[in-house]
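Contents: one structure, followed by commentary.
Letters A, B, ... mirror the listed sequences (proteins, then strands); counts begin at 1.
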Number of protein chains: 2
Amino acid sequence: MATLKDVARLAGVSVKTVSNVVNGYSFVKPDNRARVEAALEATGYRPNLGARNLRRGRTGFIALVLPELSIPYFAELAGLVIAAAQEHEWNVLIEQTFGTLSGERLALASLGPHLVDAAILSPEALQVDDFQLSVPAVLLGEHAVDVPISRVGIDNVAAAKTAVGHLVSLGRKRIAAIGAHPQRGTAALRLEGYRAALAEADLEFAPSLVVPALNYHRADGAAAMKSLLDLRNPPDAVFCFNDLLAIGAMRAAAERLVRVPHDLAVVGFDNNEESLYSSPSLTSIAPDKAAIASAAVDLLHSRAGSPDLVPADVQTPFSLLVRESTVAR
Amino acid sequence: MATLKDVARLAGVSVKTVSNVVNGYSFVKPDNRARVEAALEATGYRPNLGARNLRRGRTGFIALVLPELSIPYFAELAGLVIAAAQEHEWNVLIEQTFGTLSGERLALASLGPHLVDAAILSPEALQVDDFQLSVPAVLLGEHAVDVPISRVGIDNVAAAKTAVGHLVSLGRKRIAAIGAHPQRGTAALRLEGYRAALAEADLEFAPSLVVPALNYHRADGAAAMKSLLDLRNPPDAVFCFNDLLAIGAMRAAAERLVRVPHDLAVVGFDNNEESLYSSPSLTSIAPDKAAIASAAVDLLHSRAGSPDLVPADVQTPFSLLVRESTVAR
DNA sequence: CTCGGTATTTACATCGTTGGAACAACGATG
DNA sequence: CATCGTTGTTCCAACGATGTAAATACCGAG
């Protein structure tokens with residue numbers, strides 16, 4: 001692999017002049033510039049990023065800490081973050097926590113200024129004390145704990161209220177919720193939106209219709225749905241805190257020969273592509289994931305120099321996409 | 001951020017002694033070692049990986065080049081590769097190509113020995129000439145072109161034959177295939193397996209039943225299925241070259257009120273988790289993704305020093321998971 | 001008490017790059 | 001022709017770590 005030194009020798013100039021050409025410094029004589037460029041071409045020179053970053057005091061990487069890539073929401077988001085990071089010449093390092101406290105702590109511990117310039121975090125279990133970060137960071141989604149770190153995400157209360165309001169407008173009376181979780185901030189907010197929508201419609205809040213989910217996988221949704229269908233008085237609608245839960249719930253309903261949406265209307269959250277092709281297709285809250293990704297990256301970029309500004313709270317848009325799981329074809 | 005120098009000053013020893021302690025060098029006097037360790041603890045020292053790698057001539061990263069993270073198969077695989085890479089103290093850099101030739105060339109060009117130690121590639125369109133790699137690499141899946149690069153993956157011909165053989169054993173006579181593609185090596189092999197299974201069952205090969213798909217997304221599967229259902233004599237079974245195509249196909253069938261599996265049996269390929277929860281659930285070829293991921297990483301690791309051994313061809317196991325899309329509950 | 005050998009530590013150079021200061025070349029000015 | 005400011009180039013140090021080799025400390029044997 002060619003280094004600056006090789007190029008310099010070939011072009012008959014000093015290393016620094018080559019460096020100047022590479023970095024677009026103006027004051028280089030045309031003929032020297034031409035010779036250097038020819039030599040760059042001839043050697044196929046590519047800067048050693050490690051050395052450059054060592055010298056510049058940055059790493060060229062940002063970390064994306066998320067529960068699991070096999071969860072479609074995070075996979076899609078990761079793809080968008082990678083694309084957004086490219087615009088700022090950042091490479092993205094993905095760390096999976098599997099949603100556990102220990103996994104998240106481990107990931108955080110491995111984050112140092114020597115490894116990444118900044119981090120995008122999607123924590124689920126972290127406590128206040130854990131947020132002793134050595135690099136600028138942005139949190140995705142809500143966090144239960146109150147820490148002075150910027151946040152990017154949608155208004156979960158409003159989104160949940162919209163979703164449940166939709167079910168109410170369809171005339172559903174016994175509306176269940178799947179996805180309550182003691183630790184997760186987003187879960188608490190979505191539950192709050194759920195209750196607000198019920199209250200607004202003068203529907204009674206029934207604790208028995210709120211089912212917790214430890215993980216937000218399809219299997220959890222199916223299990224939760226089964227327990228709801230076992231109730232003496234089962235629901236006629238269900239709001240799931242993410243699409244995977246909803247997919248699992250619809251599967252469980254199908255196995256019990258409960259018709260969706262006729263007997264049971266289902267709304268999800270995240271708008272995974274999967275939900276557009278399920279049978280029936282799934283009504284879902286659609287956050288603007290590209291907006292989340294680019295807002296997070298831009299925020300980190302703009303703050304790269306000035307670490308301790310007042311934390312930002314960026315609200316990205318969302319919409320409700322009505323499909324067959326609530327309104328039949 | 002503390003450096004070796006800071007630690008050395010605090011412990012009252014030279015920088016190199018600290019380095020020796022950090023790297024587990026044996027000949028350090030116990031009391032010095034203790035003082036250094038205390039100083040390490042006190043300063044919270046973390047090695048600067050950039051500097052270390054610059055000195056060692058490695059980067060600590062491997063690249064994973066794949067079409068798109070929003071495709072579940074690749075998202076799942078990426079998660080497994082990250083986990084496997086951790087075992088060898090490697091970080092994973094993900095590059096998306098979106099399945100285009102230009103995207104793949106771009107990704108390959110950005111790979112240099114200064115950026116990554118090795119690469120795992122999942123190319124779809126690359127030509128022979130493109131494989132001028134400057135780092136050790138492993139290819140996932142088949143490649144149409146013949147290049148001296150190690151490969152990890154399942155036996156696509158055998159897998160396809162198994163899938164179609166299953167449809168044959170159910171008594172299906174008009175078996176279609178969705179996913180033919182002029183460029184992709186895997187597509188050619190799966191088609192070969194399809195034809196072999198037909199031949200073995202004395203079923204005629206009908207070109208009209210083979211539908212190409214440019215991308216392997218759900219939408220392509222739906223479009224292909226629609227064209228098959230428009231035939232004067234539509235198929236009674238379809239083998240889709242991946243699960244997303246199959247999901248799209250099942251959706252299209254449902255929209256035309258074609259019953260799966262009664263009127264149409266469907267088999268997919270990849271065994272995405274999504275396929276277990278669709279209605280009906282999808283029969284699919286299940287490659288052992290964890291085996292693929294760890295085989296690829298291990299191969300790169302074992303060859304890190306010796307670049308040009310004879311390329312390996314690792315065949316990982318697969319199985320056929322029979323579900324409701326071929327055999328009703 | 002010196003010598004020889006081993007154990008332990010240190011100084012120094014180095015990886016490839018860039019910032020800063022010093023320096024050289026140049027035409028223009030007085 | 002000396003001086004000056006501008007432009008262009010080079011030299012040197014530094015980023016933080018590690019390999020090499022030289023230097024020092026330590027030990028028992030002679």
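- The residue A:Val15 sits close to a base: some heavy atom pair falls under 4.0 Å.
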Read 5' to 3' with Watson-Crick or G-U pairs under 3.5 Å, [ ] for crossing pairs and | for partners on another strand, DNA chain C gives ||||||||||||||||||||||||||||||
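- Side-chain nitrogen and oxygen atoms of A:Arg52 include at least one within less than 4.0 Å of the OP1 or OP2 phosphate oxygen of C:dT18.
- Rounded to an integer number of Å, the gap from B:Leu115 CG to C:dG16 P is 16 Å.
- Nearest-nucleotide mapping onto DNA chain D: of B:Leu4 and A:Phe27, the residue sitting toward the 5' end is A:Phe27.
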Please set out all donor-acceptor pairs under 3.5 angstrom arising from side-chain atoms of residues 69-77 of chain A, sequence neighbours excluded.
| unit_1 | atom_1 | unit_2 | atom_2 | d |
| --- | --- | --- | --- | --- |
| A:Ser70 | OG | A:Glu68 | OE2 | 2.9 |
| A:Glu76 | OE1 | A:Lys289 | NZ | 2.7 |
| A:Glu76 | OE2 | A:Glu273 | N | 3.4 |

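- Checked by atom type and distance alone, the side chain of B:Thr43 pairs as donor or acceptor with a backbone atom of B:Ala39 at under 3.5 Å.
- Under the ring pair (Phe, Tyr, Trp, His ring centres under 6.0 Å) criterion, the residue pairs touching residues 22-54 of chain B are B:Tyr25-B:Phe27, with sequence neighbours excluded.
- For the pair B:Asp6 CG and D:dA17 C1', the computed distance is 13 Å after rounding to whole Å.
- Counting heavy atoms from C-beta on, the side chains of B:Glu124 and B:Thr186 never come closer than 4.5 Å.
- In this entry the distance linking CG of B:Leu54 with P of C:dA13 reads 18 Å, nearest Å.
- Under the 4.5 Å side-chain criterion, counting only non-hydrogen atoms from C-beta, B:Asp130 is not in contact with B:Glu104.
- Using cut-offs of 30° and 60° for the angle between ring planes, the B:Trp90 and B:His301 rings count as perpendicular.
- Atom pair A:His114:NE2 and D:dG16:P shows a separation of 12 Å (rounding to whole Å applied).
- Between B:Asn48 atom CG and C:dC15 atom P the separation is 18 Å, expressed in whole Å.
- One can place CG of B:Asp31 at 13 Å from C1' of C:dA7, the figure rounded to the nearest angstrom.
- Put simply, the side chain of B:Leu49 does not reach to within 4.5 Å of the side chain of B:Glu89, judged on heavy atoms.
- For C:dT10, the OP1/OP2 oxygens have a side-chain nitrogen or oxygen of B:Thr17 closer than 4.0 Å.
- Between A:Leu49 atom CG and C:dC15 atom P there is a gap of 18 Å when expressed in whole angstrom units.
- Of all heavy-atom pairs spanning A:Thr59 and A:Leu115, the tightest one is OG1-O, 3.2 Å.
- Residues from residues 34-44 of chain B that place a heavy atom under 4.0 Å from any atom of DNA chain D: there are none.
- For the pair B:Leu139/B:Val152, no side-chain contact is recorded, criterion being any heavy-atom separation below 4.5 Å from C-beta on.
- Both B:Ser14 and A:Val22 lie near DNA chain C, and the one whose nearest nucleotide falls closer to the 5' end is B:Ser14.
- Between B:Val7 and B:Val21, every side-chain heavy-atom pair lies at or beyond the 4.5 Å cut-off.
- Looking at A:Leu140 and A:Ile292, their side chains come closer than 4.5 Å, going by heavy atoms from C-beta outward.
- Listed pair B:Tyr25 / C:dA7 fails the phosphate criterion, with no side-chain N or O lying under 4.0 Å from OP1 or OP2.
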Expected string for nucleotides 19-25 of chain D under the B/S/- scheme (protein heavy atoms, under 4.0 Å, primed atoms plus P, OP1, OP2 as sugar-phosphate) is BB-----
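- Distance, A:Asn20 CG to C:dG19 P: 9 Å, rounded to whole Å.
- With sequence neighbours left out, B:Ala187 forms a side chain to side chain contact (heavy atoms under 4.5 Å, CB included) with B:His181, B:Arg184, B:Tyr216, B:Phe241.
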